[in-house]
Amino acid sequence: MDLITLHKFDGGIHPPQNKDQSTRLPIATAKLPEKLVLPIAQHIGAQSKPVVTLGDTVLKGQVIAEAQGFVSANLHAPSSGKITAIEERVIAHPSGMRDICIEITLDGQDTWCEVEGIDNYLEAQPQTLINKIQASGITGLGGASFPTHVKASADPSKIDTLIINAAECEPYITSDDMLMREQANGIIKGIEILVRIIQPKRCLIGVEDNKPEAIAALKDALKHFNDNTFNIQVVTIPTKYPSGGEKQLIEILTGKEVPAGGLPSDIGMVCQNVGTCFAIYKAVSKGEPLISRVTTITGEACNQPQNFEVLLGTPVSHLLELAQTNASKVHRLIMGGPMMGFTLEDTSTPIVKASNCIIASSKKELPDPAMEQACIRCGMCTEACPAQLLPQQLYWFSKSSNLEQAEAHNIADCIECGACAYVCPSNIPLVQYYRHTKGEIKQANADKQKSDRAKERFEARLARQEREAAEKEAKRKARAEAAAKKQAEKKAAEANAPATSEPAASAPSADLELLQKKLDASQAAIKKTKEKIAAAQEAGDTEKAELLDGALKKAQEKMKEAAKAIAEAKKAAKAAPASTASDMEMTPERMQNKVDLAQSRLVTAQKRLEEAMNTNSDKVEMLKVAVEKQQVRVEEAKQALIDFNNTPVTQASQQAADVEQLKKKVLAAQTRVDKAQERLEMAKEQNLDTLSAFETGLEKQQTKLEEAKKALAEANL
Amino acid sequence: MKLLNISSPHATRPLSTADVMRTVILALIPGIIALTYFFGPGHLIQIAIAGTTAIICEALVLKLRKRPIGFYLKDYSALLTAILLALSLPPYAPYWVTIIASGFAIIVAKHLYGGLGQNPFNPAMVGFALVLVSFPLPMTTSWSAPSELLSNSISFGDAFTAIFSSREAIDAFTMATPLDEYKHQVAISTADEILSNPLFKGAQHSQILLAWEWVSLGFLLGGLYLIWKKIFTWHIPASLLVALFLCSSILGWDNDSYVPLTLHMLGGATILGAFFIATDPVSASTTHLGKIIYGAGIGILIYVIRTWGAYPDAVAFAVLLMNFAAPFIDQYTQPRTYGHKKAIRGLAKKD
């Protein structure tokens, strides 16, 4: 094994460690609480989806929420019991916000479901191991909770170093230390599994030199359990905060820097926490999913600070009880370490996969921060920064909200370790300024994107409107020209009927087109709004959904109005052509035909009604209505005929037309009489039986001829 | 449990601004002792006058700005400015010179720019430059002769009288400083002739420079103590002294024509300036490379002004001139951030 040359990173601080308090006792298994509260979003990536419902009984290790997608993780029941709630509860977040949690009321039996490990896992295929890790819901236990199977799926040809982060650089936290002391074998076995999956050239376990017992335990386990097939080494690094930061640890162990905005895999490194390795071992060899973790409970207010193996979902209050905390002494309750942890206000907050420490500090131990003084530009913050930033400049830019300069000075590379604020003699809360500015920058970028998009759409809309207006203009011009042409033509050939039908017909049709367009547009808008509502509801954005609902109602009303307008227009259009048509070509004969048609329809309707009444069918009412309608129509038609016949214009024109027609009729009747006579004579010659029929036929035709002649004579008068 | 809800980090170092200022004042003590031993109690009286003026002026301005006086006064920054000013002024300068210098430094050079942390120029040097230019006579004729060269050592009463009332008897114990003396003599005499002046040699032992070498040693000890305590870094003092050393040895190697190296390094306010005045954090550069450039600039300017300028000592002007350049130097000497390939130069460009 080649010796590793250690590098140094610029900056760093040496705060008092305060680790002795919690290493006096071994890891104790926390006794079962009454209820467990499990947030469904305990990891980076998509929230998992609950697969249980209220009232379900679950066993220990059973899946209760499934991963949604690749970058997501399963959630398992840490103990057996009943699902008593799936609702919003306070979660472990600096803002104290609430999110969906699954509450399990434990039955105290702690019954395992069926679990199965992989035999001979060191010979299994890497993908099998990755699948097992994924199924077991393992995420990084160092604090970030990144799904482990995603990291483990890195392309082996690109990775040459696996780094195991056992530094635990923050004061107060000793969970990894105790885990290494007690479970070094399991950890090494877990590392072996990772090495089998990722196949790096070497594996370095970075441990700070303030953990001599842990280092000894790991070295011992390596000797006994690892036959050197995998190049695993324990490397002792000097104690400095924050050597346990992923970027800083990589720099110490390899001298390489993770590129800004990139990942360790970009330079061939994968970094995993030591606790995660132990979880991997349990999952792969025994099939146990991630349901518990080691958490340190410490602080002056605890009378018995120590490390506990805690079930996920245990409320912090339960742990504080187990550590015999003096509630009146607790002034600040921190989840995490004193440098990067966040304060909790509600002790019902549950332990999640990332909770490595709870500090119940008294006022004396972590005193209230002193009042912020002026920055004297002493540069101590620059000396302390592990990311080689200029915290002082970032402070000045943050204070004056100079977001561009702050971004240009790489505020995004700040790992928020708190070293700068720790050393500041003027008690300036530097990290708080940077967090605020980072949020402002993010918001400003989002606003800019939105306004750029809105600008794009606005310009497109303007262009479209101009285009449409131009098209309309062109159409109108073309139509005007055509109309002018036709007008000229019509003037030349003065017809009987005034050429009012075209414009009249085109006017209603143009209106109709417009209204139809409006209807289509409003229908499309309704569809879109419905889609938006669905999307908003899925995203859980109730406010937006309500707003969109209101918009949807308005759009629907508009659509109704448009439909009405169209119906009316259609009616008018129908009526217009009908009336104009009647003006143009209606003759008494046609009107009579109409009357006859209406009457025949009435008869059929009445017949149907009778049938329905006889069979007592449901349609009686409908048919009655239909009958009435038909009667009305008959009356209308008759009236129309009368009116028509009474109008002098029509009468006059009709007379003229009539004369022609009557003449035609007379001729036709004459022809028919002649034909009938011929047929009669033919029959007489052939002595047919139907002779009489022919005779009657002839008589009929002769009467018709007489009538026609009469009518003609009358008309000519 | 009424729990505190606050942003991380939750632990801070117990060092405060007042602690930093007090440590600096503490580090000045060896130098002050040396000054008093060799040059009489003048400096102590000046410290008292400047200190009182500074505190009263600061309290007055804070009242006008409607700020809590106690909170701001107890960071000791006004007192430190006053002490540095008092050590730069000639020990027997009239009281009104000191009062004007101190008042101007606090009110104009510090508070008019926004108070602690906002001043672009070193306040003590601003006050010093003001009185040097406005009152050249008291400023050049009030330097003390080393007590060794006097028949009677300067008593407290003499000093008090000289500063506050009658200045007739002052010629008895004032003399030009070595730098002043050498500079004015170098045009007419050779090095040996000048150096035969007892001002430049110790009476008994083979000393480099009478009295001033001990004063410089005192301030040097104080400065090294501050670097060890990490109050400031080594960059500015080192680059200042190295630059001055190089200028003096390369350009002024001829002792017959130029002030010699030892005089430059140990005489005047060189060591005091290098460790206490140029390192004033508010007005100096803040990046490591920037500090080196800043310190070197001061060193070069000290040499230039001393040799070709009208004034015998140039620390104040050199520091003030580099104060102008400090923000620009800062922008162009930023360190390379972790994970980036190149360091940023200058401010971000606006779209």
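Small disclaimer: the values here were computed from a predicted structure and weren't measured. Letters A, B, ... mirror the listed sequences (proteins, then strands); counts begin at 1.
By the neighbour-count criterion of 12 heavy atoms within 6.0 Å, atom OH of B:Y113 is sparsely surrounded, having that number or fewer from other residues, nucleotides or ligands. The environment of B:F71 atom CZ is dense: over 12 non-hydrogen atoms of other residues, nucleotides or ligands sit within 6.0 angstrom.
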With side-chain hydrogen bond (donor to acceptor under 3.5 Å, both in side chains) as the criterion, how do B:N323 and B:Y294 come out once you've worked through the C-alpha distance, each side chain's angles and the decisive distance to 0.1 Å?
CA-CA 8 Å; B:N323 284 155; B:Y294 175 81; 2.9 Å; yes
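Taking the ring axis of A:F9 as reference, the NZ or CZ atom of A:K247 does not stay both within 45° of it and closer than 6.0 Å to the ring centre.
For B:T279, no part sits under 4.5 Å from any heavy atom of chain A, backbone or side chain. Only the backbone of B:K230 comes within contact range of chain A, with heavy atoms under 4.5 Å apart. For A:M380, the part lying near chain B is the side chain, with the backbone staying farther off; criterion is any non-hydrogen pair under 4.5 Å. Residue contact with chain B, scored on non-hydrogen atoms closer than 4.5 Å, is absent for A:P429. For a residue to count as touching a neighbouring chain, one of its non-hydrogen atoms must lie under 4.5 Å from one of that chain's; by this rule B:I6 touches chain A with backbone and side chain alike. Contacts of B:A18 with chain A are absent, with no heavy-atom separation under 4.5 Å from either backbone or side chain. Within the 4.5 angstrom heavy-atom criterion, no atom of A:E407 approaches chain B. For B:V20, the part lying near chain A is the side chain, with the backbone staying farther off; criterion is any non-hydrogen pair under 4.5 Å. There is no contact between A:S361 and chain B, counting heavy-atom distances below 4.5 Å. For A:I267, no part lies near chain B; criterion is any non-hydrogen pair under 4.5 Å. Interface remark: A:I376 contributes backbone and side-chain atoms alike to the contact with chain B (heavy atom separation under 4.5 Å). Proximity to chain B is limited to the side chain of A:F397, based on heavy atoms less than 4.5 angstrom apart. Proximity to chain B (any heavy atom under 4.5 Å) is shown, for A:P16, by neither the backbone nor the side chain. Residue A:C417: no heavy atom, backbone or side chain, is found under 4.5 Å from chain B. At a 4.5 Å heavy-atom cutoff, the contact between A:L333 and chain B is made by backbone and side-chain atoms alike. With a threshold of 4.5 angstrom between heavy atoms, B:N119 does not approach chain A through any atom at all. Of the atoms belonging to A:Q392, it is side-chain heavy atoms, and not backbone ones, that fall under 4.5 Å from chain B.
B:S77 and B:D75 are linked by a side-chain donor-acceptor pair at a separation below 3.5 angstrom, with hydrogens and angles left out of the test. If you check the side chains of A:E365 and B:H10, you find no donor sitting under 3.5 Å from an acceptor. There is no side-chain donor-acceptor pair under 3.5 Å between B:T81 and B:K110.
If you tally non-hydrogen atom pairs under 4.5 Å between each of B:H288, B:Q118, B:R336 and chain A, the highest count goes to B:R336. When the candidates B:L116, B:D330, B:N5, B:L15 are compared by the number of heavy-atom contacts under 4.5 Å with chain A, B:N5 comes out ahead.
Applying side chain to side chain contact (heavy atoms under 4.5 Å, CB included) to B:F275 and the options B:L220, B:I236, B:L226 leaves one that passes, B:L220.
Taking 4.5 Å as the limit, every side-chain heavy atom of A:C169 sits out of range of all side-chain heavy atoms of A:K240. Residues A:L403 and A:T437 are in side-chain contact: their nearest non-hydrogen atoms beyond the backbone lie under 4.5 Å apart.
Between B:D19 and B:R13 there is no salt bridge, since no side-chain nitrogen of the basic residue lies less than 4.0 Å from a carboxylate oxygen of the acidic one.
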